[in-house]
Amino acid sequence: MPPGADAPAPRLVLASTSPRRRELLARIGVEPHRLAAPDIDETPLKGERPRDYVARLAAAKAAAVERAPDEVVLAGDTTVAVGQRILEKPADEADLRRMLALLSGRRHHVWSGVSVIAADGTRRTRAVDTIVAFKPLSAAEMDWYVASGEGMGKAGGYAIQGRAEAFVRYLAGSHSNVVGLPVFETRAMLVSAGIVLG
């Protein structure tokens, strides 16, 4: 028997407490062994591009988690960008309304960074882009969405898996990426790290 052939399969640590990311992993039959909440500074660097921002944060989140020798760490970060302008989570309802007005009737990008640290310490990070276009939003539609409370705590001020899906007239790329984790790319990275999937 070759060395290491009888070694146990690595266990997955999800460096996130996001229920959306857990739900997306469950769709591909992945249940994390444990969850961890990395504490990092998520402030964008001056002049930082959205792609670089999410990749940096995902890698930092993965690195911030304590890892046992048989554990694989998965971390992700998602942001919405209009041009090179990064839209973080809205600070309040006025900020959410500003974001909706900015997204109204135009295309924007949703970037997710995914980072995996394998049991042997190998690190891989990818950035995935999805293009989303919103219909022009009326004042009444923005009032309705702000009043729902759904956009608070969400990058870019909206949740595509909720009421905001009614605003999306066009999407190119991964839908799950907009929810918070690009499932296709994440699965490939987990398989490369030795996580056994069905």
Side-chain touch [X]/[Y], heavy atoms, less than 4.5 angstrom:
X: Thr125; Y: Val114; value: no
X: Asp129; Y: Arg51; value: no
X: Val30; Y: Arg187; value: no
X: Leu12; Y: Glu71; value: no
X: Arg106; Y: Val82; value: yes
X: Gln84; Y: Pro50; value: yes
X: Leu171; Y: Ile131; value: no
X: Arg98; Y: Glu93; value: no

What distance separates [X] [atom1] from [Y] [atom2], expressed to the nearest 0.5 Å?
X: Arg85; Y: Thr79; atom1: CZ; atom2: OG1; value: 12.5 Å
X: Tyr158; Y: Leu100; atom1: OH; atom2: CG; value: 10.5 Å
X: Asp95; Y: Leu87; atom1: CG; atom2: CG; value: 8.5 Å
X: Asp77; Y: Ser112; atom1: CG; atom2: OG; value: 7.5 Å
X: Ile86; Y: Asp52; atom1: CD1; atom2: CG; value: 9.0 Å
X: His33; Y: Ile195; atom1: NE2; atom2: CD1; value: 11.0 Å

What's the shortest heavy-atom distance between [X] and [Y], and which atoms?
X: Val65; Y: Ala15; result: CG2-CB, 3.5 Å
X: Asn177; Y: Thr78; result: O-CG2, 3.9 Å
X: Pro182; Y: Ser174; result: CA-OG, 4.0 Å
X: Glu66; Y: Arg34; result: O-NH2, 2.7 Å
X: Pro32; Y: Leu25; result: CG-CD1, 4.1 Å
X: Lys154; Y: Ala159; result: CE-CB, 3.9 Å

[atom1] of [X]: more than 12 outside heavy atoms within 6.0 angstrom?
X: Arg169; atom1: CZ; answer: yes
X: Arg126; atom1: CZ; answer: no
X: Lys135; atom1: NZ; answer: yes
X: Arg22; atom1: CZ; answer: no
X: Arg49; atom1: CZ; answer: no
X: Asp39; atom1: CG; answer: no

Give the C-alpha distance, both sets of side-chain angles, the deciding distance and a yes or no for side-chain contact (heavy atoms from CB on, under 4.5 Å) between Leu74 and Thr186. CA-CA 9 Å; Leu74 166 67; Thr186 299; 4.0 Å; yes

Assess the side chains of Glu150 and Tyr145: does a donor N or O sit below 3.5 Å from an acceptor N or O?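 Indeed, the side chains of Glu150 and Tyr145 share at least one donor-acceptor pair under 3.5 Å.
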
Would His108 and Val110 count as a side-chain contact (heavy atoms from CB on, under 4.5 Å) if you check the C-alpha gap in whole Å, the side-chain angles of each, and the deciding distance to 0.1 Å? CA-CA 7 Å; His108 60 273; Val110 180; 4.1 Å; yes

Short N-O contact, Arg97 and Asp143, less than 4.0 angstrom: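 Salt bridge flag = yes for Asp143 with Arg97.
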
Within the distance-only criterion (no hydrogens, no angle test), does the side chain of [X] pair as donor or acceptor with the backbone N or O of [Y] below 3.5 angstrom?
X: Thr122; Y: Ala118; value: no
X: Arg67; Y: Val73; value: no
X: Ser104; Y: Leu137; value: yes
X: Tyr53; Y: Glu42; value: yes

Go through it in stages, so that I can follow the logic: the residues are Glu23 and Gln161, the test is side-chain contact (heavy atoms from CB on, under 4.5 Å), and I'd like the CA-CA distance, side-chain angles, deciding distance and then a yes or no. CA-CA 12 Å; Glu23 289 165 10; Gln161 70 275 21; over 6 Å; no

Taking only residues two or more places apart in sequence or in another chain, which ones pass side-chain hydrogen bond (donor to acceptor under 3.5 Å, both in side chains) with Arg20?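 Arg20 satisfies side-chain hydrogen bond (donor to acceptor under 3.5 Å, both in side chains) with no residue once adjacent residues are dropped.
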
Determine whether Phe134 and Arg107 satisfy the following criterion, side-chain contact (heavy atoms from CB on, under 4.5 Å), listing intermediate values before the conclusion. CA-CA 7 Å; Phe134 270 20; Arg107 296 194 328 167; over 6 Å; no

Name all residues meeting the salt bridge (Lys or Arg N to Asp or Glu O under 4.0 Å) criterion together with Glu185; count only those two or more places apart in sequence or in a different chain, and write none if there are none.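 With sequence neighbours excluded, Glu185 shows a salt bridge (Lys or Arg N to Asp or Glu O under 4.0 Å) to no residue whatsoever.
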
